[in-house]
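Here is the structure we will look at.
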2 protein chains.
Amino acid sequence: MARSRNTEKKIFDAATELFLEKGVDRTSVREIANKAEINLALMNYYFRSKENLFDTIFSSLVKKNSEELIRILNSDLELFEKIEQYVEVYIEMLSENPLLVSFVMAILHRSRERITEMKAISSLYATDQFTKQLLDEAKKGNIRRTDPTHFFVDMLSLIAFPFAIKMLVMDKNNFSEAEFQEFIDERKKRVPKLLLDSLRPCK
Amino acid sequence: MARSRNTEKKIFDAATELFLEKGVDRTSVREIANKAEINLALMNYYFRSKENLFDTIFSSLVKKNSEELIRILNSDLELFEKIEQYVEVYIEMLSENPLLVSFVMAILHRSRERITEMKAISSLYATDQFTKQLLDEAKKGNIRRTDPTHFFVDMLSLIAFPFAIKMLVMDKNNFSEAEFQEFIDERKKRVPKLLLDSLRPCK
DNA sequence: AAAACGTTTTAAACGTCGTTTAAAACGAAA
DNA sequence: TTTCGTTTTAAACGACGTTTAAAACGTTTT
């Protein structure tokens, strides 16, 4: 009984690491079993199938990493401050899990047809509260009118995409790991500035 | 002889379609052989391995689709006009090949270690000419000073990422295919405006 | 026209993949 | 100590990417 929980966790942890590193389809069950030091058939015993193990891990990863972000979106912070904080926390989170973006991208393509069922995924998107805030501030004349759908996609793109093309950026600029990290850190200031400038009614 | 070229092309075309649609790792060689109506072993005869077939297809796709973009970056168009044209042509190109972004993303993760060898991939990035133009215009005071590396990553992100999260955007906004296409079309105007506003020295 | 040649195609087999199976080993309750 | 449900094991299944040797084909040569 204590043994079983332990086994389940060993499988979960080993698979998580391998899935993030090599991708689901390039990780074999025998590899997971080796890393977790368990018998091959135990993966199916505890998780029914590799696909179901993947779903479990994916939901867990998304949930763990998106909770704070949703909390920020739904907070009653002033709009500009909220955007600044959201971007910074998001980039910081991805810095600590640099493989997460590629992983999610791969899943969005790989499991395209199943997206609607994967409820975890919706926590990656804008909340109604944030959308409403954008519309309200525009109505009050505090910011330029902007399509919330576009604005949120802009924000997500500027935050996440650089991680997806990390290797391309490193290769073309001859960045070391540390230099790439520095580049990413710079974006914590740059991206909010770009977004807020586009909202400011100055012009 | 005529037969052989034909066979090679049939394999290439069938595999291209399947790789884009299902991803490399979820496409079996037997599936390719069926679709191309050729014997299983001919894939290895003409392309040595599935991995090599994939490399060939990837290079061909990237080359075919990036040539015009590079031509624009290296043209002597005025900076703002160049950015407008680059964004519009890029988005239009991705609209016609909506699976390309996910495919390239998957490859950037899947073949991370081989990126440097895959020379085709460098054509996805900024040219020296464009970088120089950004620096020159800033020096002349025509635009705000900006880090060309960041600026190009911003631009790429705003162009490409929405295609990568297509299913997420469609799901959350209840978009039909046509509505998503409309959303993308709007970005042809929106993205250049956002980028140019961030460069204008108005403030 | 037949023989000889290199090119192209074929069917069968290899080891590895995800998954299933039936039985063995185990731990707690009787 | 026996019983019983839970956990683990080894072996096997069909499908995967790849290799092989031989068959079929089209050209060139005699």
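Numbers restart at 1 for each chain; the letters A, B, ... are given by sequence-line order, proteins then strands.
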Do any pairs count as a salt bridge (Lys or Arg N to Asp or Glu O under 4.0 Å) and have a residue in residues 23-32 of chain A, sequence neighbours left out, and if so which ones?
A:K22-A:E31, A:D25-A:R110, A:D25-B:R26, A:R26-B:D25
Figure out the CG/C1' separation between A:L42 and C:dC26, and round it to whole Å.
13 Å
Which whole-number value in Å describes the distance from B:N6 CG to D:dG26 C1'?
16 Å
Sequence neighbours excluded and cut-off under 3.5 Å, please list the side-chain donor-acceptor pairs for residues 90-97 of chain A, or say none.
residue : atom : partner : partner atom : Å
A:E92   : OE1  : A:K188  : NZ           : 2.5
A:S95   : OG   : A:I91   : O            : 3.0
A:S95   : OG   : A:Q181  : NE2          : 3.4
A:N97   : ND2  : A:M93   : O            : 2.8

So, is A:Y46 close to the D:dT8 phosphate, meaning a side-chain N or O under 4.0 Å from OP1 or OP2?
yes
Suppose we screen for side chain to side chain contact (heavy atoms under 4.5 Å, CB included). Which residues come up paired with B:V153, at least two apart in sequence or across chains?
A:P162, A:V169, A:F183, A:R187, B:Y125, B:S157
A:M118 side chain near B:M167 side chain, heavy-atom distance below 4.5 Å:
no
OH of A:Y45 versus C1' of C:dA22: gap in Å, rounded?
14 Å
Report for the helix from C:dA1-D:dT30 to C:dA29-D:dT2: angle between first-end and last-end helix axes, five pairs each, rounded to 10 degrees.
20°
List in chain and number order the residues that pass ring pair (Phe, Tyr, Trp, His ring centres under 6.0 Å) with A:F47, two or more places apart in sequence or in another chain; answer none if no residue qualifies.
none
Show me, pair by pair, the donor-acceptor contacts under 3.5 angstrom made by side chains of residues 75-87 of chain A, not counting sequence neighbours?
residue : atom : partner : partner atom : Å
A:S75   : OG   : A:I72   : O            : 2.8
A:S75   : OG   : A:L77   : N            : 3.4
A:E78   : OE1  : A:F80   : N            : 3.4
A:E78   : OE1  : A:E81   : N            : 3.2
A:E78   : OE2  : A:F80   : N            : 3.3
A:K82   : NZ   : A:L73   : O            : 2.7
A:K82   : NZ   : A:S75   : O            : 2.7
A:K82   : NZ   : A:Q133  : OE1          : 2.6

Grab the CD1-P distance between B:I38 and C:dA11 for me, whole Å please.
12 Å
What's the CG-P distance between A:N39 and D:dT6, to the nearest Å?
19 Å
Review item, side-chain donor-acceptor pairs of residues 33-42 of chain A, under 3.5 Å, at least two apart:
residue : atom : partner : partner atom : Å
A:K35   : NZ   : A:E17   : OE2          : 3.1
A:N39   : OD1  : A:A41   : N            : 2.8

Grab the N/O contacts between the protein and nucleotides 14-18 of chain D below 3.5 Å, and write none if there aren't any.
residue : atom : partner : partner atom : Å
D:dG17  : OP1  : B:T27   : O            : 3.2
D:dG17  : OP1  : B:V29   : N            : 3.0
D:dG17  : OP1  : B:K50   : NZ           : 3.0
D:dG17  : OP2  : B:V29   : N            : 2.6
D:dG17  : N7   : B:R30   : NH1          : 2.8
D:dG17  : N7   : B:R30   : NH2          : 3.4
D:dG17  : O6   : B:R30   : NH2          : 3.1
D:dT18  : OP2  : B:K50   : N            : 2.9

Is there any salt bridge (Lys or Arg N to Asp or Glu O under 4.0 Å) pair reaching into residues 166-176 of chain B, and which pairs are they, with sequence neighbours excluded?
B:K166-B:E177
For C:dT9, take OP1 and OP2 only and decide whether either is under 4.0 Å from a side-chain N or O of B:T7.
yes
